[in-house]
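A, B, ... follow the sequence lines: proteins, then strands. Residue 1 opens every chain. Hydrogens, waters and symmetry mates play no part in the numbers below; they use all other heavy atoms, side chains included.
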There are 2 protein chains.
Amino acid sequence: MGVQRKTKTGEQILAAFGDSKEALSAKMLLSRIEQRVNKTTVYRMLDKLEDDGVVHSFSGDGNVKYYARCHACSDTMHLHSHPHFQCVSCDKVRCLDFEVPLTTPLNLQVTESQILLKGHCEHCSS
Amino acid sequence: MGVQRKTKTGEQILAAFGDSKEALSAKMLLSRIEQRVNKTTVYRMLDKLEDDGVVHSFSGDGNVKYYARCHACSDTMHLHSHPHFQCVSCDKVRCLDFEVPLTTPLNLQVTESQILLKGHCEHCSS
DNA sequence: TTGATTAACGCAACTAAGTTGCATTAAATT
DNA sequence: AATTTAATGCAACTTAGTTGCGTTAATCAA
Ligand SMILES: [Zn+2]
Ligand SMILES: [Zn+2]
Ligand SMILES: [Zn+2]
Ligand SMILES: [Zn+2]
């Protein structure tokens, strides 16, 4: 089940994401939240927000899970087949807007695709 | 630096991969190797084999690192922009043969792409 | 064949991400 | 204000992977 009560942790997590396409790990969220919050609480809140279709998650570099705001999802429909980008220089991660057309083999039933692009973001290109 | 001596661990790891496109985690390798080998040894040997362009690695589901044989790599040139597939039913992971054409935004310098497809493999489709 | 060199190894201890159980706190409802 | 129970904090745990260090064994030269 998703979020059922309005709490400070929930507010602060959503405030940390804001309206941007930036993706954040649990650790990054913890460091951004003013109020002292336990990591367990953050993990559980993120789970609930994901259930509600408010955030989506994916696996970034170094086996770390990242979360980002959803923009067209609800608790009944999740739709985010977009790729993600991680800068190898500043480590920032974000959602990319376009869709990648995938032609998959006929003998496989693909239900989900995760695309992570790595490289240098616009601020870190030299 | 890569592998410098012929050892049993190295042989057994390569034997476990064989010639297939199947990807294996360190844990899976440990369970497949007859001889008793320490996990540290497996991790270190995989690192060396990756340095040599003998295997490549990528992040699978559950933040687990998978390794697979390279087929066109050397210690000086690594080339594996192919996608990987993980069956959500039998958990097998493998390399896919085709390339995915990616049109990336102009303001990003993409140097690496990881594509993981998830779904049901040919043996687990009902 | 033997001895020297050092890559590879085993072990224990560690790190880091994430999870679980349980007692406590605090939203929401009456 | 009293009740209900979602949300929280804490400690302890799990799992993947790493590190330091002393030991073993592959390679090569004498
Ligand atoms: Zn950057
Ligand atoms: Zn996204
Ligand atoms: Zn399968
Ligand atoms: Zn592969």
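Clustering of Ile, Leu, Val, Met, Phe, Trp and Tyr by side-chain heavy atoms under 4.5 Å joins B:Leu96 with A:Phe85, A:Leu96, A:Phe98, A:Val100, A:Leu102, A:Leu108, A:Val110, A:Ile115, A:Leu117, B:Phe85, B:Phe98, B:Val100, B:Leu102, B:Leu108, B:Val110, B:Ile115, B:Leu117.
The nearest heavy atom of DNA chain C to B:Lys39 and to A:Val64 marks one nucleotide each, and the one closer to the 5' end goes with B:Lys39.
The aromatic rings of A:Phe58 and A:Tyr66 sit parallel to each other, their planes meeting at less than 30°, with 60° as the upper class boundary.
Checked for salt-bridge contact, A:Arg32 and A:Glu22 meet the test: a charged N lies under 4.0 Å from a carboxylate O.
Straight-line distance from the CG atom of B:Leu46 to the P atom of D:dA16: 14 Å, rounded to whole Å. Computed from coordinates, the A:Leu30 CG to D:dC10 C1' distance equals 14 Å when rounded to whole Å. One can place CG of B:Asp51 at 15 Å from C1' of C:dA8, the figure rounded to the nearest angstrom. Atom pair B:Lys27:NZ and D:dT15:P shows a separation of 7 Å (rounding to whole Å applied). Distance, A:Glu11 CD to C:dA26 P: 15 Å, rounded to whole Å. Look at CG on B:Asp61: it is 16 Å from P on D:dT15, rounded to the nearest Å. For B:Tyr43 and D:dT15, the OH to P distance is 12 Å, given to the nearest whole Å.
The base of D:dG17 does not come close enough to the side chain of B:Lys65 for any donor and acceptor atom to sit less than 3.5 Å apart.
B:Asn63 has a side-chain polar atom (N or O) that falls below the 4.0 Å cut-off from OP1 or OP2 of C:dG18.
Looking only at atom types and distance, the side chain of A:Ser59 has no donor-acceptor partner in the side chain of A:Gln114 under 3.5 Å away.
Minimum heavy-atom separation, A:Asp51 to A:Met1: OD2-O, 3.5 Å.
Listed by chain and residue number, nothing satisfies the salt bridge (Lys or Arg N to Asp or Glu O under 4.0 Å) test with A:Asp91 (two or more places apart in sequence, or in another chain).
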- Message: Across nucleotides 2-8 of chain D, 5' to 3', mark each nucleotide with B, S or - according to how protein heavy atoms within less than 4.0 Å reach it.
- Response: ---BBSB
